[in-house]
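Remember, it's a predicted structure, so these values are computed and weren't measured experimentally.
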Amino acid sequence: MASVGPSAASTLPALPSGPAVFKTIPYAFILPEILCGTWVWILVAATSVSLPLLQGWVMYVSLTSCLISLLLLLSYLLGFHRNSENWKVLDSLYHGTTAILYMSAAVLQANATINSEFGVNVPLNYQLNSAASFFAFLTTFLYILHAFSIYYQ
C-alpha cells in the first residue's frame with residue numbers, strides 16, 4: 001500500500017497575500033524599494049539638469065521601476081498570484097533585471113554628481129545630486145537583496 005504523505009505542491013512555501021506581504025522577508029523589500037526609488041526621481045527632478053542624457057536615464061529607470069514595483073506590490077496585496085510558482089520566477093527575473101538597470105542608473109547619477117560640482121548653483125545642485133546618488137545605490141542594493149532572497153528561497 002502506498003504511503004499517504006504531503007504532495008509536492010503542498011510542501012512549497014505559500015506566496016503571501018494581503019498584509020502578510022509586509023511580514024515575509026523577500027516581499028517586505030518592495031515598499032522600501034518604492035520609497036527609495038521615489039526619492040531618486042524627486043531629487044533628480046529637483047536639480048537643474050545639466051546632463052539630460054545621463055539624468056534622463058536615471059529618471060526613466062527610477063520612475064518605471066517604481067511604478068512596476070507598485071503594481072507588483074498591489075498584485076501581492078490583492079492576491080492576484082493565486083500561489084502560482086510562476087510569480088516567483090517573474091518576481092526574481094524582474095528584480096534581477098531592475099537591479100542591473102538601477103546599477104547603471106546609479107553610476108550615471110554619480111557621474112552627474114561629480115560633473116555638477118562645477119556648474120551653476122553648485123552647493124544646492126551638488127547636495128541634491130549626491131543625495132540622489134545615495135538613494136540610487138541604496139535602491140540598487142534593495143533590488144539585489146530582493147532578487148537573491150527570492151531566488152534562494
In terms of hydrophobic clusters joined by side-chain contacts under 4.5 Å, are Ile114 and Leu124 together?
no

Hydrophobic cluster identity match, Val40 and Leu63, side-chain contacts under 4.5 Å:
yes

Phe141 vs Leu145 side-chain heavy atoms within contact, under 4.5 Å:
yes

Could you pull out all donor-acceptor pairs under 3.5 Å where a side-chain atom in residues 32-39 meets a protein atom, sequence neighbours excluded?
residue	atom	partner	partner atom	Å
Glu33	OE1	His95	NE2	3.0
Glu33	OE2	His146	ND1	3.4
Thr38	OG1	Ile34	O	2.6

Keeping the roles fixed (side chain from Thr139, backbone from Phe135), state whether a donor-acceptor pair exists under 3.5 Å.
yes

For Ser75, what residues pass the side-chain hydrogen bond (donor to acceptor under 3.5 Å, both in side chains) criterion, not counting sequence neighbours?
none

Quick check: closest heavy atoms across Ser133 and Thr113, and the distance to 0.1 Å?
OG-OG1, 2.8 Å

With a 3.5 Å cut-off and sequence neighbours excluded, list the donor-acceptor pairs that the side chains of residues 64-72 form with protein atoms.
residue	atom	partner	partner atom	Å
Thr64	OG1	Tyr60	O	2.7
Ser65	OG	Val61	O	2.7
Ser65	OG	Ser62	O	3.3
Ser69	OG	Ser65	O	2.9
Ser69	OG	Tyr94	OH	2.9
Ser69	OG	Tyr143	OH	2.8

Nearest 0.5 Å please: distance from the CG atom of Asn111 over to the CG atom of Asn129.
10.5 Å

Do Val107 and Trp41 belong together in a cluster built from hydrophobic side chains that touch within less than 4.5 Å?
no

What is the minimum heavy-atom distance between Ser149 and Phe29, and which atoms define it?
OG-CE1, 4.1 Å

Applying the 4.5 Å side-chain criterion to the ILVMFWY set and letting contacts propagate, would Phe80 and Leu93 be lumped into a single cluster?
no

Heavy-atom closest contact (Ala106 atom, Thr140 atom, distance):
CB-OG1, 4.0 Å

Any chain of hydrophobic side-chain contacts (each under 4.5 Å) joining Met103 to Leu142?
no

Side chains of Leu108 and Gln55 in contact at under 4.5 Å (non-hydrogen atoms):
no

Enter the distance from Ile100:CD1 to Ile144:CD1 here, rounded to the nearest 0.5 Å.
8.5 Å

Between the main-chain N or O of Val44 and the side-chain N or O of Thr47, is there a donor-acceptor pair closer than 3.5 Å?
yes

Ignoring hydrogens and angles, tell me if any N or O in the side chain of Asn125 forms a donor-acceptor pair with the backbone of Ser48 under 3.5 Å.
yes

Taking side chain as C-beta onward, heavy atoms only, is Leu101 less than 4.5 Å from Trp57?
yes

